[in-house]
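These notes are about the structure you will find just below.
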Amino acid sequence: MRLPAVRTPLRAALPLLLGCCLSCSGGAGAVPSALPGFPAGVPGAGDRLFPRAGNGGYDVTHYGLDLRYDPGPGELTGTARISATATADLGRLDLDLAGLTVHRVAVDGKPAGQGRDGTELVVRPPRPITRGARFEITVRYSGVPKLLTDPDGSHEGWFRTGDGAVALGEPVGSMAWFPGNDHPSDKATYDITVSVPAGLTVVSNGELAGRSSAGGRTAFHWRTTEPMATYLATVAIGHYTVTRSRTPGGLPLYVAVDPRSDDPGTAAALRRIPEILAWESGVFGPYPFASAGAIVARLPTGRGGYALETQNRPVFPGDDGPPAVAVGTLVHELSHQWFGDWTTPADWQDIWLNEGFATYAEWLWQQHEGGRSVARSAASAFADPADWAFPPASPTAAHLFDAPVYDRGALVLYELHRALGDRAFATLLRTWPAAHRGGNASTAEFTAFCAHLTGKDLTPLFATWLYGKAKPARL
Ligand code: ARG
Ligand code: ZN
């Protein structure tokens, strides 16, 4: 989204001279050159922590994913139709894709050249794409999708579950199951259709737009009409007990639980979704999406271990022992629908805007429930040495989900409450999520928003709590 392209395609010149053909199919040395006289799109979106995540030169507006999955062999076969607008002249462009085999790439229906370079799928269109033009890339691919290991040692991408699979993509795991512009700065709408053997269920983001059965298979079509970052896209395939209902306000809920994780504590927690959403809407403003829910899945033991705020319906790992879903975690993941899913970080270094707010939401909820006060949560975060390893505004890729991002991030909000007072702080919590209307926001935009809201000089507060290395003497 909105990134200046462009890099002169020096290293790309040679294959053209050697006559690299339109259907070169990947492997070392097979990356196609840019069309003569036109620049190659940049192979990264400019992220400070994940330089090769996403790409420059175009903005995706829609993903149409037509997939088929067979849990036995673990084989995924698919066609991705990616609608985009060029933000620069393009003689070549990159998509992100980790593993899998690409069979055919077309641009606007015409065969395109393609090659692989690490997690870049390099595409040479049959003719140059000019800045401002809309175009569609079609990618046919198949293979056994990978489980990826993150710089922090955790896993993401494609988790096989015994009877199916679950896709989790934060920060850069969506490229394990579909080609795309895998960076939060490029949000898009989605149609995700997955065909599976009859008897299995597919749950994804957005709303279920259709379901059809033929030849011993069932295809589930999920549609996401609000912009979504790639890392929030999910599919959960397997045996699920599905409960469809509505909140008292009429919001459709779709909750899918792996029967093996259907313990009484989890069922009791999930029944509180309407109440939690109503409370969060009161504090953070109207719920931003057309439906909500949850997915409780069995991730392979030792490989999952975290919940993820996948858009509309977060995924919870159901294999850690009962309850599979705790109310505090539910509050956290649902609050991400405002903080992360609706207003999305512009760069992975802004991750505290997600996790600091979601942690603060948990603190507020505990207080609301008559449990620990926000002041006591803040005091305990302040006292924990783990929270002071680095400032919330400058995590590294290996520490993206560490305590300073969560707890020190929440302490920034605690300090803002003190500085702003009750009224202005309540306004901040209600207006910030909507300020970017489903787009992206950076830390700098957040601090500017706070300053604008209050007219106060908050520079010292942010210097200490958000950017400062040293632990202040007291809370
Ligand atoms: N955003 C998740 C949360 O709600 C955590 C995701 C962790 N991801 C990872 N690859 N370790 O806190
Ligand atoms: Zn979180």
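Worth knowing before you read on, the calculation uses all heavy atoms, side chains too, and leaves out hydrogens, waters and symmetry mates. Counting convention: from 1, in listed order, for ligands and their atoms alike. Throughout, numbering of the chain's residues begins at 1 and tracks the sequence.
- A distance limit of 4.0 angstrom between heavy atoms and ligand 1 selects the residues D150, D152, S154, E170, Y306, A307, L308, E309, H332, E333, H336, E355, F401, Y406.
- Relative ring orientation between H417 and F425 is described as parallel, the plane-to-plane angle staying below 30° on a 0-90° scale split at 30° and 60°.
- Aromatic ring orientation, Y190 versus Y63: parallel (interplanar angle below 30°, classes split at 30° and 60°).
- Shown here are the salt bridge (charged side-chain N to carboxylate O under 4.0 Å, His left out) partners of R430, two or more places apart in sequence or in another chain: there are none.
- Between D262 and R260 there is no salt bridge, since no side-chain nitrogen of the basic residue lies less than 4.0 Å from a carboxylate oxygen of the acidic one.
- Only protein atoms were considered; those of element N, O or S under 2.8 Å from the Zn ion (ligand 2) number 3.
- Ion pairing between E207 and R313 fails under the 4.0 Å rule for side-chain N and carboxylate O.
- Here R48 pairs with D350 in a salt bridge; the nearest charged N to carboxylate O distance falls below 4.0 Å.
- Salt bridge absent: R298 and D319 never bring a charged side-chain N and a carboxylate O closer than 4.0 Å.
- Take H368 and apply the ring-ring contact (aromatic ring centres under 6.0 Å, His included) test, not counting sequence neighbours, and it matches W279, W365.
- Note on ring orientation: taking the six-membered ring where Trp is involved, the planes of H436 and W432 are perpendicular (angle over 60°, cut-offs 30° and 60°).
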